[in-house]
Every structure is written in structure tokens, then in C-alpha cells.
Trainee: 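One structure follows; several queries about it will come next.
Here the structure is a predicted model, which means the values were calculated and not measured. The sequence lines fix the lettering, A, B, ..., with proteins before strands; numbering per chain opens at 1.
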There are 2 protein chains.
Amino acid sequence: MGSITDRSGRQFDRKAFESLLKRRFFFTESYQIYRTAPGWTGDNGGLFDYGPPGTALQNNIVHIWRKHFVLQEDMLELDCSILTPEDVLKTSGHVERFSDWMCKDPVRGQYLRADHLVEQVFSSRLSRDGLDEPTRRDYENVLAQIDNYSGDELGELIEKHDIRNPAGDGSVEPPIPFNLMFKSSIGPSSAAPIYLRPETAQSQFLNFRKLLEYNNNTMPFASASVGKSYRNEISPRSGLLRTREFLMAEIEHFVDPSGSKKHERFSEIEGIELVLLDRESQMTPTRTRTGRPMSVREAVHSRIIDNETLGYFLARTYLFLTKIGVDPKKLRFRQHLANEMAHYASDCWDAELLTTHGWIECVGCADRSAYDLEVHSKRTGEKLVVQERLTEPIEVVQWVVSLNKKLLGQRFRHHTRAVEQAVAALSQAELEASSTGLIADDRLELRIQINDVEEMVVLSSDILTIYKETRTEYMREYTPNVIEPSFGISRILYSLLEHSFWSRAEDSARSVLSLPVAVAPIKVALLPLSNHDSFNPFVKQVAQALRKLSITSRVDGSNTSIGKRYARSDEVGTPYAVTVDFDTVEDSSVTLRERDSTEQVRGPIKDILKVIDDLVAEKCTWDSVRRRLLPL
Amino acid sequence: MGSITDRSGRQFDRKAFESLLKRRFFFTESYQIYRTAPGWTGDNGGLFDYGPPGTALQNNIVHIWRKHFVLQEDMLELDCSILTPEDVLKTSGHVERFSDWMCKDPVRGQYLRADHLVEQVFSSRLSRDGLDEPTRRDYENVLAQIDNYSGDELGELIEKHDIRNPAGDGSVEPPIPFNLMFKSSIGPSSAAPIYLRPETAQSQFLNFRKLLEYNNNTMPFASASVGKSYRNEISPRSGLLRTREFLMAEIEHFVDPSGSKKHERFSEIEGIELVLLDRESQMTPTRTRTGRPMSVREAVHSRIIDNETLGYFLARTYLFLTKIGVDPKKLRFRQHLANEMAHYASDCWDAELLTTHGWIECVGCADRSAYDLEVHSKRTGEKLVVQERLTEPIEVVQWVVSLNKKLLGQRFRHHTRAVEQAVAALSQAELEASSTGLIADDRLELRIQINDVEEMVVLSSDILTIYKETRTEYMREYTPNVIEPSFGISRILYSLLEHSFWSRAEDSARSVLSLPVAVAPIKVALLPLSNHDSFNPFVKQVAQALRKLSITSRVDGSNTSIGKRYARSDEVGTPYAVTVDFDTVEDSSVTLRERDSTEQVRGPIKDILKVIDDLVAEKCTWDSVRRRLLPL
């Protein structure tokens, strides 16, 4: 990925970038002083602490997210428990399926994530000379779809291509699954495990009935949640991009599936053009695919995007990301391949941001259909449905079953319940077919489940009858479908920092973070020209006035040149600087400097404060300020 | 606690209050639909989900907290990992000491928290007639200090007073400690356990050096952190007041201990009067003690509060709590008893809020001395100190030790290290005394530690010499002390809801939550007089305009009387309501109603919007609005 450029169009200098983030305490590895201490036995990779600028940036991103989604769309925000009982996660499928494949190197006692192992070894082989063309193409083909292999397939690849642990060159055992949830137990006597949630979504589903009621039983509506989630990575890497604890912001938009998932406000965004990398474009066996720009209107119309609601959220996601400062040229929407999606999902798109680590999935936008509400409803017996009075009553024709319970109990004894369940599980189509069989042969073969073992039983018409029934329905009952835009805040934050980073042409050591004022950790740097005592009252006055306006500022009165201090405020992304100098003492005027252009204007403190207030509230632009005030 | 009154001075109706919180989805038990499902095996007591009004209220409280503390005092906010390695929590003492005492009822297989068991049984006996006076006094005396008993003492009480499990009357085993941290493991091969943090404080200490550097190496400064913490309660109770997962907001203020902990901004708050329940006032053996009002100036001056910085934060805490709507008459500051404090703490005060569950500790404000920085520094070898250039170099006279290592090794062989450690641990006073003994008798007796066993050794002056040394120091090096105000947001939120609750005199079924506008979940209710179509464009217009002003509103167009809908918005604490009626269609005027007074004014939509914007920004009061606009 050496071809990534920074904002100024020059080669991205990742070393300078990383040094900046560390030096200015955007974030740091957690427990760093312990990791280097003698006797340290822990593995705490993949855990990060945000320092003051990182925390402020994160808070600002979340604040804008809330305004952009929750406030603008009247979403119902929830704050739910992170600790989640096993039963819930069994139903959702996480206990069984939320895992990665890993291989053990028995000699080193080391565990390697299987797909990463293949990636690493193939990439290294590809970088060597002398590889024949068919092998090269084979490797590239595998790498292009590395996310889509099952454990068995990874095992075959490892065996076929003699893939070994790059550290020590030892061979590895076949892949085994490792569940990625952190497990704990609750209370002194509880036998049932409890997990740290892998996503905020499940609790939103579980509260569906309360949410619907809160919303006066009207549809559609969305819930939202911002909070920490967890993923016990086998071997975390890439800093903030793959962490074990991370902040998510998730929306669950509940929609009536019968209305082809139209969206009321679709017209507001349909003209927006997105770069789409759809399913088909990804079937080419190289990694150099590009997306194509297309309006949301066209994409939904041509069914590249499945429906209006999904299209609406992709466009709103685009608006959110670009508002906080993401470079639209480094943003694309990639559709999941069929085998990448959960089996119940009908469509799924990721917003991917281009970084020096490649294209990074930062937002997932999936149509989860009715799956989640249905499985939780089935497990708990709670109806997670919408009931709607029909404007016109309708006639419904249905196949129904009648059981002779007495005879059933006599014949099947303690298997009675299993038979009943198997009958209840028959679909309308199966009932229709069974009815015909029952009439023709007076027998119905049925598979029942007894302690995980399947058995075949035969029912006759003295026990069971199947017939058609016509009912008049006044209410319609349906399980809503769910469109889920899910935001990985830490990944967005990191990518945004990369997109904002550049160095001044005149001095490549002078780095700048061109963060938009709305997300910038500090809005104003306050700089006395020197540490002359007479400047203090003015610095204090401006600081206090800004505080009153709820505008964050930071005084830098350290003993270095004003130029160095400007540079210092540029590199944490502070958009404006106010300088107090000897003229200030004379006439109460100060200098206001803009970060990206380094242009300056001068005016009375009162006017400058008003200008800053307007700039921070985005009521005016720097251009208009230059016209309003005296440029220097 | 039957004597608690609500805001209107009437008896607090807890049943009505709890029904309101549940009905309007302020919060709910987590995983509720699972708890009632067949086959449920989990124990998830003490876990809660906040619904939309609860989440908004919580967000608003946190937002004001950040403005009041972080922004106003230039604090350095961090966001650190919740997952914490065992080593860190061993050093902090949590692995060993963060536990409650519990007794097992072997017949029922039930665990009971020991102090709660004593409390419950004594309270129940006290409520019965026929208890003799000495016993009654004895019980009351125990209950008054129930928080201060050790496990052994609780065991003695249980035996002496034949305390049994109220459920089933079975006798219980002696108390054993139960560690209250949730334990998990990290990665596939890690042997070391990892815990969910019990407080946010530790990571703030571990990042001290980076924070100091970020602050340009100047003191004093404070860090702050808002986030979830955990406590694996033995048997959670009292709803939001004792949960297993909760939101905390913690400040660590680092201060030079040599300056008698003065605070620069003390003068701004010294006149504030707080209700103080100091240590002495608590030694009376009844539960009916009252605090006494006293200015912070007087309390610090008379050393009731240990120092200015502690006093400053108590006053700032008072201002924060009353700003968000806590009733000052239900707020007191209680000093910890000597045996209640951690051994290293020099003073500690809790802000307690009076609720129907009694006085609830909602904020703890402790002077933790230099303990935390010192223990982490000792364990990791990292210097967690401040280095300050002295304006004048100083002469330092110190007792120092010189050891003849060769001789030491010969004489003590594999105990050499233990002797060295015992020598290194001698204080300046001990060195001075030892020096005298060494000169007089040529012998120094020393207690050394070998595998947890103490032994006495004798050193003579050929091995060890002690002498006075004078050095010139240009730098001063010290470990800062820490003042820690720690806020339990969930408890504050619950207490605030109780303090805000009352019922209208004319109709006790009409409940109101008089939340200040700044914390109210929704600022404006939008009510069309009926579902007449002509109202829709106006409702939409106002809703859109409010959204643009970032003011949360909620349309209630349901088919009930306007009075019922006013009542509905009152009970979620919405301070203002805008009503669209037939006059609106004529002249674009709307009605604005205030929640507490139910007074209404009328004006053009434009004017009303401006008024709402000013009211929400607290730029004007309702009184001034009544003068400005036409009252109805």
C-alpha cells in the first residue's frame, strides 16, 4: 500500500504520523508501564487507552453521530448491559458460530489465526522472485477471497501449500475454532456463564416490545445504541483497527417487509453519488478492483442496492462520514459476497475507508431480515411482532391441524411432546402435501427429535386431521425486518486521523491534522507571544470567555517561539489560534490564525470572540471572516 | 423511611413513582423476556437497560458533568480499557481486598451477604414488639455501624445472636470473602486472568507520566474518565442503587502535598454552605443524626475538612448536583469513619442523597495520598513523580548507609538479599537511632523476612556503616497526592428522579417529573389539538425547526385529549409543550405551555421558537417569557 497519499498529495509518511499520535497522546497501549515491567505475564494486546486529544475526538464523533442519526431521525436510543447471559447468545448464534479458526504450532505452543497465517505466507511468497505465473495467479486468487474460507478449506490450503509458522518454520496442526467472546461468571453461585457482548444489537432486539410501545405502536422506527463491545482476538494487530475492546454505535431500523422497504425520506438523499463496489465487480481474481460512482437512486432502481431503506442509510452514512472529515476519495461501499453474509441476511454493504493498512471496513449496513426477532421470540415465547388494524378485513385461507390428544398420549407416551412439536413445525406447504398423503394412505411419516437424536414416527388419521380453514382477519400481525447500520467508532477515528494528516510543503517535519472544527479536540490555542507578565490578564480573559461559550481552548505559554507553538497546535488539529502580544496590551486587539491556510486576521478581543463562536458553530466560514476582519 | 416527602411536600408515593419509571421505559431489568422464559438458568440480577428517556437523561447528566468539570477546569479526559490484567489489580490491592463477606446456607445452597443478613434479621427483630431495651439499643448500635465490621466480627455477631437465613430459618456457615471482580481470560493461550475494572481510577494512575508530559510538566492538574465499571455483587438489590454494571465519572486531581493542598480557585467557592455530617457527629449510637450547615471556608479553617482542594471539590460537587436538579435539602456530605477509609487515605467524604431507600452514597471524595502512584511505581520500576527545578538550590542532610557487600555475602550467604532489603527499608529516624547503637555497641539488630518468616540478625560495623551526608539539590522530586471525586452516575440518576417526582394537588394520579430543562430527556412536546389533517404541516414545520436548533422534541398525535397528552409529557419531565390548533391554521400562532406551572403563552411560531431556544440555552426564564409574550 505504498501508493497512499496524504491530503497534500504527497506520499503518506506513516512513521511521522504514528510518531505524532504517540507524542501527542492521542492513544497508547493500555497498561504500558506493566508490559515492560519485570515479571509481566499478561497478554493484553489489542487494548488501548485514549489520551486527552483522542478522547475529545472520540466524544466529538459520538456527539455528531447522535445529532446526525438519533436527533435528526427521532431514533430511540438505549443504553444496555454489556454483560450478556449465555442463553441469549446461544439463541443469536454467537456461542456456536462467533469464532475464528486457529492453528496450533505444537513446538512453540503458539496459536496462529489460520486466515492470517495463509495471508502472511502467501504475501511473503508473492514478494519473492521466481514464482511461476500459474502459482502466482493461484495465490492472488486465494488472497482475494481470504475472508470467505471455512475452517476445513483453510486446513486444506495449509496442507496443500505446506504453510508453516513463519516464526521457526514449524508445521501447524489443522485449524480449530476459537470462540471470540470473553467469558465470565456472575454471582457466587451461578452455574451459567455470562459473556461480554460482541455487539450492542441483541439487547435492542430483546427490548423490541417496549420500544414499539414507547413509539405509540407506530412503525417504522429505529433504535440506537452507543457502547463498548468485545472480541477476544486470537492475535490482535494493526493498532486501533483490530482491538479486543472497542466502541460501537449501532442502529436497528425496524421496517414492515411488505412495503418493499420503502423509506419516507428517500427523496432527500437519492441524488447522492456513492462509489459502489458491488458483488459482481468483486469476482475478478485480482486485488485491483475499483468501485464505480453511482447515484443511490440509480443503484436502488437497478437493484444493485436491495431496497430504499438500505440505500437511505448508505447515503446517510456517507453524509456522516464526510461531515466528520473523512476524505470522500478514500471512501467506498463494498457489497458482501453471498457466502460472506449471514444466511438470513438479504443484502449487506460495508463502508470501507482507505488507509495505509488497506481498505478498512468501518461501517456495516446489513438487512438482517426478521431473523433476530424470530429466534428470540421462538426461544422465549414472547411475541416480538407488530399488530396493525387492517383498513379492510381480509379473508385468510389456512391449513390447520387437529390432534386427538388422548390417543396421541396413549400411543407415544413420553414422546408425545416431541411429536406435538414436530407437527407444530410443519409449514403451510408441508401441511398441504401431508394432507394429500394422509387422505391417500392414511399415514403421515414424521421426523421427531428425542434428545438430539432423530427418529421417524408414523401418524394415522385417527390421531391427526389436516384441513383448510377460512378466517376473517381484522388485524395484521407481522415480524418487522431489521436494517442495521453498525459503526466501528475506533476504526473510523483512526482512518479519519490518517485522512486528516499532511505535512507543510515548506517543511515536511511540520505535520498538520486538518480535522474539521466540529471534531477537533481543542478548538482554540491561546498563545501569549512570550512569557511577559502583562499578557496574563488577557490570556485569562479570553480563556474564561471561551469557557463560558463552552468552547475548548488550551493555553500554550511554554518558552518556545510562536512559530513552534503554532506548529504544535497544528499537529493536534486545533483549527484556530489566538495570539496575545504587545499591541494587545495597548489596544485589546488580538490575532486570530487559521490552521490550514496559516492566514491571520486581527481585531478587538470582543470581535474575535464573536468570530470564533460563529466559526465553531459553523455559522460562518474562514473566507467570510477574512472579508469581515483585517487580514495581516 | 416512610417520612420522605416529594417535591410538593406530600408523602412520597413510591408505588406510583416506580410504575411511572417502568411504564415510560426509563429503565428495565436487562434480558427481561429471557428471565420469564422456560428453561432460564441464568442469574442476571443487578443488570439494567436504560430506555430512551433514561438514556437521554443519562447522556445529559454526563454532558453537564463534562462541561462542569472537564471543560471548566481544563481536566485531561481519558478513555481507558475496561479489561484489566491481574498484575495491575494485585498492586492496587483489589485482588486481595475487593471483596464482601458471605455466608452459605448449606441446606438451601444459597449465599447471603453477611452484613445484609445481620441488617435484615436485626431490622425485622426491631420491628417486633416485646424486645427489651438493652437488646434494642444493642441492635441499633450494631446497625448504625454495620458497614465497619470485619468478616470475623460479622461471624461473631451471627453466632452470638443466632442469626439464620430468613428464608427457611436454616443456620449459616461462618462468613467467607467473595471477590467482587468479574474474571475472564484473554486470547487463546494466556494463563493470566483478566478482570473487568472495579473503578476507572487505576488506568489514570498508570498514565500519570504521559498526562504530566501532555500538561507541559506543570502541576497541579486533574485527569478525568467516564465509563462503565463492575462489581459482581453477591445479591444485588434496590434497583439502580446496587447494580453489577454501572457508569462512573471519576476525577484524579494530582497535587503537590508540600503546599498544604491549597487550591487556586478556593476563593470562588469558599462561601458555599454545605450540610456536613462529620466523623464525630456519627459516633452517637442512633440512626437519627443530622448534619450541620457550614461554609466550606469555616470547615477547612477548623480542619473538619482536611484541606482546601478537598473542600473545593466538595463545593464543586454540590454545585454540579444542584445544577442537574438534586434537592439541596436531600443532600448531605458525610465524612468516613477512620475504620471505613482505606489505610492510606487521609480524609474522605461522601455526598449522600436522601431517597426512599435511605441516604445513598452517590459521590465519594477521597484524599488517596500518594499511595496509588507509589505502589504502581514500586511494582513496575517506572518513576511516577514530578521533577521540579528549584528556584534556589537546597542543601539536604541525609543519613545514608554503606554496606560491605563482600563480607555481607560471606556471612549471610543466601539470606544476603533479605538483609539488604531490611536495611533499605530503614527510615531516616531509624537510621539515626541505629547509628547511635552501632557506635555504642558495635551491633545492630535487624528483623529480616525469609519466606514469610521473620528472623533476627545482628550486623556489626565491619559490614555496615551509617553516616550523615550533605548534598546540594537543584531539582525537587516528589510523588503527587491524589484527591479523587468519584461519581456514581446511575445512583445520581435514580436519586435525581426521586427528587424530581411529585403529583398535582388537584389529581394525585397526575405525576410530574420536574427535571431542569438541561437534563430533561425531551425538551419540547409537540401536540396537534386533534388528528385533523390541516395541523400536520405546522407540526412538521416546528419539529424541523427544533431539530435544526438541536433541540429534542417528540410529537404526540395520539387520539386522546390534549389534557391527557400534557399529563403524558409531564411525567417524562418534558418542560415545554407546543400546541397546534385551529388558530394556528389561521394565523400561524401556537401555544407554549410550561410543565411545572401549567401556564401558557401564545405567539407566532417564529417568536415561540426563539423563546424555546433561549429557554433551553438557559438564556431566559419562564417568568421573563410570561412578560414577553401573551399569557393565556
Trainee: With chain A, which of B:T91, B:I551, B:V70 has the greatest number of heavy-atom pairs at distances under 4.5 Å?
Mentor: B:T91

Trainee: So, for B:R244 and B:G45, which heavy atoms are closest and what is the spacing to 0.1 Å?
Mentor: NH1-O, 3.0 Å

Trainee: Verify whether one side chain among A:T218 and A:N216 offers a donor that lies under 3.5 Å from an acceptor in the other.
Mentor: no

Trainee: Measure B:L112 against the heavy atoms of chain A and call it side chain, backbone, both or neither at under 4.5 Å.
Mentor: neither

Trainee: Is chain A contacted by the side chain of B:E245, its backbone, both, or neither, given a heavy-atom distance below 4.5 Å?
Mentor: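 Only the side chain of B:E245 comes within 4.5 Å of chain A.
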
Trainee: Could you have a look at A:T84, A:T552, A:T36 and say which one has the most heavy-atom pairs with chain B under 4.5 angstrom?
Mentor: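 Maximum pair count with chain B is reached by A:T84.
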
Trainee: For the residue pair A:R547 and B:R265, what are the closest heavy atoms and their distance?
Mentor: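 For A:R547 versus B:R265, the nearest heavy atoms are NH1-NH1, 4.1 Å.
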
Trainee: Heavy-atom pairs under 4.5 Å with chain A - which of B:R24, B:H63, B:Q202, B:R66 has more of them than the others?
Mentor: B:R66

Trainee: Which region of A:N59, side chain (C-beta onward) or backbone (N, CA, C, O), has a non-hydrogen atom less than 4.5 Å from a non-hydrogen atom of chain B, or is it both or neither?
Mentor: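 Answer is side chain: those atoms of A:N59 sit under 4.5 Å from chain B.
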
Trainee: Answer with side chain, backbone, both or neither: which region of B:E233 has an atom nearer than 4.5 Å to a non-hydrogen atom of chain A?
Mentor: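 Just the backbone, heavy atoms under 4.5 Å.
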
Trainee: Can you confirm whether the side chains of A:T28 and A:D49 place a donor and an acceptor under 3.5 Å from each other?
Mentor: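 There is no such pair between these side chains.
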
Trainee: Does atom CD of B:E213 have more than 12 heavy-atom neighbours, drawn from other residues, nucleotides or ligands, at distances under 6.0 Å?
Mentor: no

Trainee: Could you grab the distance from atom OG of B:S185 to atom CG of A:N232, nearest 0.5 Å is fine?
Mentor: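 It comes to 6.5 Å.
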
Trainee: Side chain, backbone, both or neither: which part of B:Y111 has a heavy atom under 4.5 Å from chain A?
Mentor: side chain

Trainee: Select one option (side chain, backbone, both, neither) describing which atoms of A:D100 are under 4.5 Å from chain B's heavy atoms.
Mentor: neither

Trainee: Given that the side chain runs from C-beta out, which part of B:N559 has a heavy atom under 4.5 Å from chain A: side chain, backbone, both or neither?
Mentor: neither

Trainee: Relative to chain A, which segment of B:R554 carries a heavy atom at a distance below 4.5 Å: side chain, backbone, both, or neither?
Mentor: side chain

Trainee: Assess the side chains of A:Q204 and A:T200: does a donor N or O sit below 3.5 Å from an acceptor N or O?
Mentor: yes

Trainee: Under a 4.5 Å heavy-atom cut-off, does chain B meet the side chain of A:F27, its backbone, both or neither?
Mentor: neither

Trainee: Of the backbone (N, CA, C, O) and the side chain (C-beta and beyond), which part of A:K228 lies under 4.5 Å from a heavy atom of chain B, both, or neither?
Mentor: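 For A:K228, the contact with chain B is made by the side chain alone.
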
Trainee: For chain A, which of B:E382, B:K548, B:Q544, B:Q110 has the most heavy-atom pairs under 4.5 Å?
Mentor: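 When all of B:E382, B:K548, B:Q544, B:Q110 are compared, B:E382 has the most.
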
Trainee: By a 4.5 Å heavy-atom criterion (distance strictly below it), what part of B:K67 contacts chain A: side chain, backbone, both, or neither?
Mentor: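 B:K67 touches chain A through side-chain heavy atoms alone.
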
Trainee: Let me know if A:D79 has heavy atoms under 4.5 Å from chain B in its side chain, its backbone, both or neither.
Mentor: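 Both parts, backbone and side chain.
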
Trainee: Answer with side chain, backbone, both or neither: which region of B:Y34 has an atom nearer than 4.5 Å to a non-hydrogen atom of chain A?
Mentor: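 Its backbone and side chain both get close to chain A.
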
Trainee: Highest number of heavy-atom pairs under 4.5 Å with chain B: which of A:V555, A:I82, A:D74, A:T243?
Mentor: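 Among the listed options, the one with the most contacts to chain B is A:I82.
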
Trainee: At a heavy-atom separation under 4.5 Å, does B:F178 approach chain A through its side chain, its backbone, both, or neither?
Mentor: side chain

Trainee: Could you look at B:M75 and say if it's the side chain, the backbone, both or neither that has a heavy atom under 4.5 Å from chain A?
Mentor: neither

Trainee: Quick check: closest heavy atoms across B:C80 and B:R197, and the distance to 0.1 Å?
Mentor: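 For B:C80 versus B:R197, the nearest heavy atoms are O-NH1, 3.2 Å.
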
Trainee: Any luck finding a side-chain donor-acceptor pair between A:R568 and A:S558 under 3.5 Å?
Mentor: yes

Trainee: Which atoms of B:P236 are under 4.5 Å from chain A, going by heavy atoms: the side chain, the backbone, both sets, or neither?
Mentor: neither

Trainee: Measure A:Q58 against the heavy atoms of chain B and call it side chain, backbone, both or neither at under 4.5 Å.
Mentor: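 Side chain only.
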
Trainee: Select one option (side chain, backbone, both, neither) describing which atoms of A:E77 are under 4.5 Å from chain B's heavy atoms.
Mentor: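 Both backbone and side chain of A:E77 come within 4.5 Å of chain B.
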
Trainee: What do you reckon, is CZ of A:R417 surrounded by more than 12 foreign heavy atoms closer than 6.0 Å?
Mentor: no

Trainee: Could you look at A:I176 and say if it's the side chain, the backbone, both or neither that has a heavy atom under 4.5 Å from chain B?
Mentor: neither

Trainee: Any non-hydrogen side-chain atom of A:I186 less than 4.5 Å from a side-chain atom of B:L47?
Mentor: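 Yes - at least one pair of side-chain heavy atoms lies under 4.5 Å apart.
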
Trainee: Decide yes or no for B:L384 and B:F205: does some side-chain heavy atom of the first lie under 4.5 Å from some side-chain heavy atom of the second?
Mentor: no

Trainee: Calculate, to the nearest 0.5 Å, the distance between atoms OG and CG belonging to A:S223 and A:L76 respectively.
Mentor: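 These two atoms lie 7.0 Å from each other.
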
Trainee: Among side-chain atoms of A:S81 and B:Y31, is any donor-acceptor pair under 3.5 angstrom?
Mentor: no

Trainee: Are A:F208 and A:H376 near enough that their ring centres are under 6.0 Å apart?
Mentor: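 No, the ring of A:F208 stays outside the 6.0 Å limit from the ring of A:H376, centre to centre.
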
Trainee: Taking every non-hydrogen pair under 4.5 Å, which of B:I234, B:L247, B:V88 racks up the most with chain A?
Mentor: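 Option with the greatest count: B:V88.
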
